[in-house]
Number of protein chains: 2
Amino acid sequence: MSEEGGMIRARATAEMVAQRASVSRVAVSRAFNPHTSLKPEKRELILRIAQELNYTPDRAARALVSGRSHLVGIIVPDVCSHWESQEIDALTTALQAEGFATLLFKTRTDYSMDEKLLSYMRGFNPDSVIAFVENVKPTTLVRFLGRAVPIYVHYPHGGSVDDAQPGPLHDRLNVLQRAGVEQAVALLEGYKVRRIAYVSGIGKSRANTARELMLRTVMAERGLPPPVVAPGDFSYERAFAATLDLFRVGKGADAIFAANDVGAFGVIDALRHELGLRVPEDVKVIGFDDIAQSHWKSYNLTTVKFDLDERVRALVRLILRRLNNPDAPALQETLQTRLVVRGTVG
Amino acid sequence: MSEEGGMIRARATAEMVAQRASVSRVAVSRAFNPHTSLKPEKRELILRIAQELNYTPDRAARALVSGRSHLVGIIVPDVCSHWESQEIDALTTALQAEGFATLLFKTRTDYSMDEKLLSYMRGFNPDSVIAFVENVKPTTLVRFLGRAVPIYVHYPHGGSVDDAQPGPLHDRLNVLQRAGVEQAVALLEGYKVRRIAYVSGIGKSRANTARELMLRTVMAERGLPPPVVAPGDFSYERAFAATLDLFRVGKGADAIFAANDVGAFGVIDALRHELGLRVPEDVKVIGFDDIAQSHWKSYNLTTVKFDLDERVRALVRLILRRLNNPDAPALQETLQTRLVVRGTVG
DNA sequence: GTAAAGAATGAACACGTTTTCAATTTCCGT
DNA sequence: ACGGAAATTGAAAACGTGTTCATTCTTTAC
């Protein structure tokens, strides 16, 4: 309101605060950095005047000298994919609480990534990078971003082989698919289900591989024949089409696992609205992820869940640990899955 | 691979590139900035060597001296809301193409915003800010972020009063709800619908106000009685509950408008799975937004759409114009809506 | 061939911080 | 009151770039 005409009020700088508080510019810097030596009343005075002048330290300048940008880069093919968006949301909240901001970068939707993007991204000097990407090795990222940046390839849908590696080269988040899958197969067995199909995600992706393998393993252990696989790509549309194929070209199934919840929605809609089958009476459906939409009445999906908040907490913990201690040996955290029973089975 | 032990390879700097190319450091800077005077073959050489050394200019340093961070701040209550996530996705793509990166900040889910967040955000020196927030005036943002930062309050769901303002104080994106609503009401009239209800969004929000008002206006113009309003908050859950109320406590309706598509999903599920009514035979449903999920077979929603790509293009255009010419008079762009007819009517 | 105009070049400065380091002040135990 | 340790302080250096400005080299017009 007190602005005049086209005048642009310049941002306050530490110098101005110092002058007004009759202290040195260094003192202002110290006032904003904890664990520095500054007389309490002086710090208080400076912070008060800073607030009056609406001053906060410039992160760019701070980054330049301290080497910490307080930016965390997130590489993602599709922000609006359900799983990814919920993950990004939780991550942003958690990181913001720790004084970091998330920097968003989009890559191709086929979960691949190009070197141009990495160079582009490096210019922003992120303190850490989380890549929701498949088909990329951590070493590739390291080469382009430099070893100083802790990197987390956060496979979509928490995909990873089931075992914790003995001596991991990079920090890892392991998801143990077994528990949830065992519960799911046990539940199906209770309903005397015989023919089980699997509508896959993108074939080569870690999440898909891990889930299909675990399903196959658990079924074999229980003496069931291996599942029929219908190829999908984690999308509603492909899962829809795959289900039609399964019943029109193939021999159908009594129960269908989908590689993710959105895929399961496609399966359900194909069964009900195109094939005229009832879920769960005629065909039972189980998904993976437990996204927020899975409890919507139209789907009410039974699904294998791994806890989002726990996952994000673990990831943030890994990042902070690594930033505080860059040379520590590689860490890994492990997460459990469990079955959430809703209406599409039973 | 060529790394040795714990050695951290430092990021290449302009100085290193200059040395290796036998030019001055200034020349390196010029090589990366178009419209600067530099012999073409020299620029080529520098860029080649830069690529070899995997060098890109440090954005923090660049921002410090040029005053341009190439960051665009986005303030959003919920990244995983369908509308917002699709908007963020498209914005990130468009901005990335222009050399900007999007910086994500989360605020409270009631679409409000606090001053602490604004101060926090200002520290990152965004070149521009887009706030997906209600209940906040541009002037408040200006006070905390400084007039140098172009600000766009991008009301969720494109909410805005229907008219273009004659002399706007800030850049604006206007959405003309009328066309789509007229088509929707006309379609319903064709089915001899008599009792129309409106499941609202958050009461005070611009989007909700604009949509309810336009619906009311168009119905009045056609001699229809005003719609019954059931209070929602843009969420599936509240729309679900509001619909139950409408039929159990209230007198029901022949057609229901929902303030947004996700709300419409809640309406549909309440009607079908809790009230045992058929859509569209017993009750017709129309949403607003046309999000990606609206064509899923379980909902197959008829809805009032305004084009996402067009919207994002307009917004980015506004931002770039403003950055190139900070003192230009306020600009406004206008978008049209139209009805997308699917299965929930007819 | 010459003068004028324009392009190319690099030294020095500026940006707003944090960090280092040496100097000063305060505190504590006797 | 005194010595030593600890806390407090500010000057100066550093971070990696873009920008300004005066200088040198090249081109153009006659």
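Just so it is clear, the values below take in all heavy atoms, side chains as well, and ignore hydrogens, waters and symmetry mates.
- The aromatic rings of B/Phe124 and B/Phe105 are tilted relative to each other, their planes meeting at an angle between 30° and 60°.
- Atom C1' of nucleotide C/dA8 and atom CG of B/Asn33 are separated by 16 Å, given to the nearest angstrom.
- In terms of phosphate contacts, B/Ser29 brings a side-chain nitrogen or oxygen within less than 4.0 Å of OP1 or OP2 of D/dG18.
- No donor-acceptor contact under 3.5 Å links the side chain of A/Arg59 to the base of C/dG16.
- Considering only side-chain atoms of B/Leu64, the nucleotide from D/dG16, D/dG10, C/dT17 that sits closest is D/dG16.
- Distance from the side chain of B/Ser37 is smallest for C/dT9 among the nucleotides C/dT9, D/dT17, C/dG10.
- Atom CD1 of A/Ile46 and atom C1' of D/dT8 are 12 Å apart (whole Å).
- If you take CD of B/Glu15 and C1' of C/dA11, they are 13 Å apart, rounded to a whole angstrom.
- Between B/Thr36 and B/Arg43, the side chains place a donor N or O and an acceptor N or O closer than 3.5 Å (distance only, hydrogens not considered).
- Residue B/Thr13 places its side chain closer to D/dG16 than to any other of D/dT20, D/dG16, D/dG10.
- In this structure, B/Met16 atom CE and D/dC15 atom C1' are separated by 12 Å, rounded to whole Å.
- Taking the side chain of A/Ala61 as heavy atoms from C-beta on, and the options C/dT18, C/dG16, D/dG16, the nearest nucleotide is C/dG16.
- When each of C/dT18, C/dC13, C/dG10 is scored by its nearest atom to the side-chain atoms of A/Arg62, the top-ranked nucleotide is C/dT18.
- Taking the six-membered ring for Trp and thresholds of 30 and 60 degrees, B/Trp83 and B/Phe132 have ring planes more than 60 degrees apart, a perpendicular arrangement.
- Among the candidates A/Arg321, A/Arg313, A/Arg172, the single residue satisfying the side chain to side chain donor-acceptor pair (under 3.5 Å) test with A/Glu333 is A/Arg321.
- Considering only the side chain of A/Ala14, C/dT17 comes nearest among D/dT17, C/dT17, C/dG10.
- Looking at B/Arg11 and B/Asn54, their side chains never bring a donor and an acceptor atom within 3.5 Å of each other.
- Atom CG of B/Asp58 is separated from atom P of C/dT17 by 17 Å (rounded to the nearest Å).
- Nucleotide C/dA8 holds its C1' atom 17 Å from the CD atom of B/Glu44, rounded to whole Å.
- Of the listed nucleotides (C/dT9, D/dT19, D/dT9), D/dT19 has the atom at the smallest distance from the side chain of B/Ser66.
- Scanning atom types as modelled, one donor and one acceptor separated by under 3.5 angstrom connect the side chain of B/Arg25 and the base of D/dG18.
- Using a 4.0 Å heavy-atom cutoff across all strands shown, B/Phe32 reaches no nucleic acid atom at all.
- Summary of the strand contacts: A/Pro40 and A/Val26 both lie near DNA chain D, and taking for each the nucleotide with the nearest heavy atom, the more 5' one is attributed to A/Pro40.
- Residue A/Gln19 contributes atom CD, which lies 14 Å from atom P of C/dG16 at whole-angstrom precision.
- Comparing D/dT8, D/dA14, C/dG10 by their closest approach to the side chain of A/Lys39 singles out D/dT8.
- With C/dG16, D/dG16, C/dT9 as the choices, the nucleotide that has an atom nearest any side-chain atom of B/Leu38 turns out to be C/dT9.
- To the nearest 0.5 Å, atoms OG (B/Ser128) and NE2 (B/His70) are separated by 12.5 Å.
- Protein atom CD of A/Glu41 is 13 Å distant from nucleotide atom C1' of C/dT25, rounded to whole Å.
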